[in-house]
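All ligand and atom numbering here is 1-based and tracks the order in the structure.
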Amino acid sequence: MVIQEVLRFYPPVLRLERQCTKDYSYDNGRIQIKKGHIVTMPAYALHHMEEYYPDPEKFDPERWCAENKAKRNPQSFVAFGLGPRNCFGMRFAMEEMKIAIATMVQKFRIFPVKETPEKLRFFDGFSLLIQHFDAIVGVEFRQSTTTDR
Ligand code: HEM
């Protein structure tokens with residue numbers, strides 16, 4: 001739930017793209033997409049829409065409990081993309097992140113220090129959410145694991 005909320009809050013891939021294979025229109029012809037047009041879906045904006053995520057600027061892992069998740073359109077979460085060309089490594093990445101986080105918090109205590117910023121900052125960009133290198137935190141070994149350093 002925490003990993004999913006992090007990926008909602010900060011989707012690493014900011015936009016998905018698809019190229020239209022045939023002319024298409026909707027909304028009574030008001031919106032027309034021609035064959036060859038590139039359609040972009042802005043992941044960050046979608047993940048911060050009040051309609052799908054009430055109080056979207058609040059970091060709330062509870063949004064991902066089974067009950068809350070079932071109430072939401074599954075297409076409102078696109079951190080790994082959608083459809084037949086979605087992320088090939090999604091399950092591997094989720095397992096990797098769980099193991100990395102579990103290992104880190106088991107061995108280290110991570111805590112805010114005076115240099116820790118209130119909010120993360122990112123470079124302006126279009127494709128990837130790339131962080132300024134100022135997310136300083138304190139790290140110390142946990143007592144119980146000092147023997148297996
Ligand atoms: C947190 C980690 C990751 C995130 C957020 C991520 C996100 C994404 C996104 C958004 C796409 C585009 C999907 C679409 O257009 O619908 C994608 C595609 C892809 N990802 Fe990942 N990815 C991650 C990790 C990985 C890993 C670990 C692998 C390989 C082991 C991987 C392999 C791929 C491949 C091969 C594609 C292209 C799939 C295709 O075009 O059919 N990704 N990923």
Side-chain angles (χ1 to χ4, degrees), residues 1-27 30-113 115-142 145:
M1 282 167 29
V2 170
I3 294 175
Q4 279 166 311
E5 182 65 350
V6 170
L7 290 171
R8 176 193 75 83
F9 220 88
Y10 301 118
V13 181
L14 286 174
R15 69 195 161 104
L16 307 180
E17 275 187 353
R18 295 291 185 269
Q19 185 167 28
C20 196
T21 55
K22 58 182 179 192
D23 291 353
Y24 188 80
S25 74
Y26 64 99
D27 199 10
R30 199 176 66 83
I31 312 259
Q32 305 226 356
I33 305 169
K34 299 282 180 210
K35 181 178 175 180
H37 278 177
I38 305 278
V39 178
T40 289
M41 278 169 280
Y44 186 95
L46 177 63
H47 288 186
H48 289 256
M49 280 175 75
E50 182 85 42
E51 182 183 343
Y52 302 115
Y53 301 100
D55 199 2
E57 300 313 315
K58 181 177 173 204
F59 183 86
D60 180 11
E62 289 301 317
R63 298 179 198 275
W64 299 97
C65 72
E67 194 191 343
N68 288 336
K69 206 172 149 183
K71 291 185 208 150
R72 208 164 41 234
N73 181 339
Q75 298 189 337
S76 58
F77 180 73
V78 298
F80 291 105
L82 289 174
R85 298 302 297 267
N86 78 342
C87 178
F88 177 86
M90 175 174 73
R91 286 179 184 80
F92 176 69
M94 286 300 288
E95 292 308 309
E96 221 181 359
M97 287 186 280
K98 284 180 206 164
I99 293 167
I101 294 169
T103 308
M104 249 160 56
V105 296
Q106 193 183 31
K107 291 192 182 295
F108 303 103
R109 198 172 77 79
I110 299 164
F111 49 91
V113 290
E115 295 86 359
T116 304
E118 277 288 308
K119 278 188 131 188
L120 293 181
R121 291 189 304 134
F122 298 93
F123 288 107
D124 285 343
F126 195 47
S127 293
L128 294 174
L129 198 60
I130 301 173
Q131 199 192 318
H132 278 274
F133 295 117
D134 64 355
I136 296 167
V137 291
V139 178
E140 68 180 21
F141 273 107
R142 288 187 185 276
T145 60

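- Near A93, meaning under 4.0 Å from one of its heavy atoms, ligand 1 places the atoms 2 (C), 24 (C).
- From the protein, the heavy atom lying nearest to atom 16 (O) of ligand 1 is R18 NH2, 2.6 Å.
- Scanning the protein heavy atoms around atom 27 (C) of ligand 1, the nearest turns out to be F92 CD2, 3.8 Å.
- More than 12 heavy-atom neighbours from other residues, nucleotides or ligands sit within 6.0 angstrom of CD on E50.
- Cation-pi geometry between R72 and W64 is met: under 6.0 angstrom from the ring centre, within 45 degrees of the axis.
- Ligand 1 places these atoms under 4.0 Å from at least one heavy atom of G81: 10 (C), 13 (C), 14 (C), 16 (O).
- Interface of L16 with ligand 1, defined as ligand atoms under 4.0 Å from a residue heavy atom, comprises 10 (C), 14 (C), 15 (O).
- Under a 4.0 angstrom heavy-atom cut-off, M97 registers as being in contact with ligand 1.
- Atoms of ligand 1 lying under 4.0 Å from any heavy atom of V13, numbered from 1 in the order shown and given with element: 7 (C), 10 (C).
- If you look at Y10 and F122, their ring centroids are closer than 6.0 Å.
- H47 contributes atom NE2, which lies 5.5 Å from atom CZ of F77 (distance to the nearest 0.5 angstrom).
- The backbone N or O of I136 sits less than 3.5 Å from a side-chain atom of T116, completing a donor-acceptor pair.
- At the shortest separation from atom 35 (C) of ligand 1 among protein heavy atoms lies F88 CB, 3.4 Å.
- In this structure, the side chain of R8 engages the main chain of P56 through a donor-acceptor pair within 3.5 Å.
- Using the six-membered ring where Trp is involved, F141 and F108 have ring planes that are tilted, between 30° and 60° apart.
- The backbone of A79, and not its side chain, has at least one atom closer than 4.0 Å to an atom of ligand 1 (non-hydrogen atoms only; backbone = N, CA, C, O).
- In terms of polar-atom proximity, defined here as any N/O pair under 3.5 Å, L82 does make such a contact with ligand 1.
- From the protein, the heavy atom lying nearest to atom 4 (C) of ligand 1 is F80 CE2, 3.4 Å.
- Nearest protein heavy-atom contact of atom 29 (C) of ligand 1 is G89 CA, 3.9 Å.
- Where the criterion is an N or O separation shorter than 3.5 Å, residue side chain and backbone included, R85 meets it with respect to ligand 1.
- Ion pairing between R30 and D27 holds under the 4.0 Å rule for side-chain N and carboxylate O.
- Between the side chain of N68 and the backbone N or O of E62 there is at least one donor-acceptor pair closer than 3.5 Å.
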Candidate pair H37 and Q19, rule side-chain hydrogen bond (donor to acceptor under 3.5 Å, both in side chains), full reasoning = CA-CA 6 Å; H37 278 177; Q19 185 167 28; over 6 Å; no

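- Distance from atom 38 (C) of ligand 1 to its nearest protein heavy atom, with residue and atom name: N86 O, 3.6 Å.
- Among all non-hydrogen protein atoms, the one lying nearest atom 8 (C) of ligand 1 is C87 CB, 3.7 Å.
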